[in-house]
Amino acid sequence: KWNGALQASYVGPQRGLGYAVDGDVDLDSRIFTNLTLGWEPRRQLRIRLAVTNLFDVDPPPALWRNRGYSPANYHNRGRGYTLTLEQDW
């Protein structure tokens, strides 16, 4: 049995003080997309592959403008992968 999910998160533009790691916030809006695919070859065994930041949207560095970013609003820096195997006994 197969299953899957596609999830998208929209983060609107941010301007102002108080959010950032390295200074003021000046960020454009972004859409982050995550994909999960699962396969259950037997009732007791599940295999899942998750791809975080599917289209590889990096946090905007913008450090040359002395502007930071809020890491809480971004997934991995670049694309990330997770492989999970679950076995029921």
Roughly how far, to the nearest 0.5 Å, is the CD atom of Gln87 from the CZ atom of Arg42?
-> 5.5 Å

Atom CG of Leu83 and atom CZ of Arg48: how far apart are they, to the nearest 0.5 Å?
-> 10.5 Å

When every non-hydrogen atom of Trp39 is compared with those of Pro41, the smallest separation belongs to O-CD, 3.4 Å

What distance separates Trp2 CH2 from Glu40 CD, expressed to the nearest 0.5 Å?
-> 12.0 Å

Between atom CG of Leu6 and atom CG of Leu37, what is the distance when rounded to the nearest 0.5 Å?
-> 9.5 Å

Pair Asp88 + Arg46: basic N to acidic O under 4.0 Å = yes

So which heavy atom on Thr52 is nearest to which on Asn34, and how close?
-> CA-OD1, 3.4 Å

Drop me the distance from Leu85's CG to Leu49's CG, to the nearest 0.5 angstrom.
-> 10.5 Å

